[in-house]
Amino acid sequence: MEHDNSFAVRVWQIVAAIPEGYVTTYGEVAQLAGSPRAARQVGGVLKRLPEGSTLPWHRVVNRHGTISLTGPDLQRQRQALLAEGIQVSGKGLIDMQRYRWRY
DNA sequence: TGCTTGACCGAGG
DNA sequence: CCCTCGGCCAAGC
């Protein structure tokens, strides 16, 4: 059993705070979580969200402003972003100047 | 208690 | 712009 201040819990809290219509990066979430070099782990946390989670995991992309997932997963994230008004090119590129979440 | 696994990132070529 | 490499570190086994 893990105490409720694990890295995963901190990541959940931060991602939950990203407003609809905005995105941020794995590196930014890691920084806010207090582990600036754990961007890779942020992806790991989002990959293993509990079944039925409502966390807006799709609002997190890589530093290039592109979707890191591939294949069908990429399409699912793209649709989720489009559904809330974020423009995403066919290749998964997002205009970060316009949609980046500033804390 | 190790050892492996990456939805990452920055520097180089 | 593309690709590779090394470092990173929480979680899963």
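These numbers come from a predicted model, not from an experiment. A, B, ... follow the sequence lines: proteins, then strands. Residue 1 opens every chain.
- To the nearest angstrom, C1' of B:dG10 lies 9 Å from NE2 of A:H64.
- In this structure, OH of A:Y26 is placed 18 Å from P of C:dA10, rounded to the nearest angstrom.
- Of all the residues in residues 90-103 of chain A, not one reaches under 4.0 Å from DNA chain B with any non-hydrogen atom.
- Partners of A:P19 by side-chain contact (heavy atoms from CB on, under 4.5 Å), not counting sequence neighbours, listed by chain and number: A:Y22, A:W101.
- Spacing between atom NZ of A:K47 and atom C1' of B:dT4 amounts to 12 Å, rounded to whole angstrom units.
- Residue-level contact check: A:F7 touches the backbone only, with heavy atoms under 4.0 Å from sugar-phosphate atoms and none from bases.
- Of all the residues in residues 81-89 of chain A, not one reaches under 4.0 Å from DNA chain B with any non-hydrogen atom.
- Closest to the side chain of A:W57, from the set B:dC9, C:dC9, B:dA7, is B:dA7.
- Screening residues 7-23 of chain A for salt bridge (Lys or Arg N to Asp or Glu O under 4.0 Å), with sequence neighbours left out, gives no hits.
- Within residues 73-80 of chain A, no residue has any heavy atom closer than 4.0 Å to DNA chain C.
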Could you go through nucleotides 4-7 of chain C and list every protein N or O atom that sits under 3.5 Å from one of its N or O atoms, giving the distance for each pair?
from  : atom 1 : to    : atom 2 : distance (Å)
C:dG7 : O6     : A:R40 : NH1    : 2.7

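- When all heavy atoms of A:A30 and A:A38 are compared, the closest pair comes out as CB-C, 3.7 Å.
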Check the interface with nucleotides 11-13 of chain B: list each N/O to N/O pair with the protein under 3.5 Å, or write none.
none

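- No side-chain heavy atom of A:I14 sits less than 4.5 Å from a side-chain heavy atom of A:T24.
- Using a 4.0 Å heavy-atom criterion, one finds that A:A8 contacts the sugar-phosphate atoms exclusively.
- Atoms CD (A:Q41) and C1' (B:dC9) sit 11 Å apart, rounded to a whole Å.
- Looking only at distances, no side-chain donor or acceptor of A:R78 sits under 3.5 Å from a matching main-chain atom of A:K91.
- Within the nucleic acid shown, A:G27 comes within 4.0 Å of sugar-phosphate atoms alone, with no base atom in reach, counting heavy atoms only.
- Look at A:S68 and you'll find a side-chain N or O under 4.0 angstrom from OP1 or OP2 of B:dC8.
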Name every donor-acceptor pair, under 3.5 Å, that has one atom in a side chain of residues 92-100 of chain A and the other anywhere in the protein, sequence neighbours excluded.
from  : atom 1 : to    : atom 2 : distance (Å)
A:D95 : OD1    : A:Q97 : N      : 3.1
A:D95 : OD1    : A:R98 : N      : 3.3
A:Y99 : OH     : A:Q87 : N      : 3.2

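- If you check C:dA11, B:dA7, C:dA10 against the side chain of A:S35, the one that comes closest is C:dA10.
- Going from atom CG of A:L46 over to atom P of B:dC8 covers 10 Å, rounded to whole Å.
- Between C:dG12 and A:R48, a contact under 4.0 Å exists linking OP1 or OP2 to a side-chain N or O.
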Side-chain donor-acceptor pairs of residues 43-62 of chain A under 3.5 Å, sequence neighbours excluded:
from  : atom 1 : to    : atom 2 : distance (Å)
A:S53 : OG     : A:L55 : N      : 3.1
A:H58 : NE2    : A:E84 : OE1    : 2.9
A:R59 : NE     : A:E84 : OE1    : 3.4
A:R59 : NE     : A:E84 : OE2    : 2.9
A:R59 : NH1    : A:I18 : O      : 2.8
A:R59 : NH2    : A:E84 : OE1    : 3.2
A:N62 : OD1    : A:H64 : N      : 3.0
A:N62 : OD1    : A:G65 : N      : 3.3
A:N62 : OD1    : A:T66 : N      : 3.1
A:N62 : OD1    : A:T66 : OG1    : 3.0
A:N62 : ND2    : A:T66 : O      : 3.1
A:N62 : ND2    : A:T66 : OG1    : 2.9
A:N62 : ND2    : A:S68 : OG     : 3.1

Show me the side-chain donor-acceptor pairs of residues 69-76 of chain A shorter than 3.5 Å, one per line, residues at least two apart or across chains.
from  : atom 1 : to    : atom 2 : distance (Å)
A:D73 : OD1    : A:R76 : NH2    : 2.3

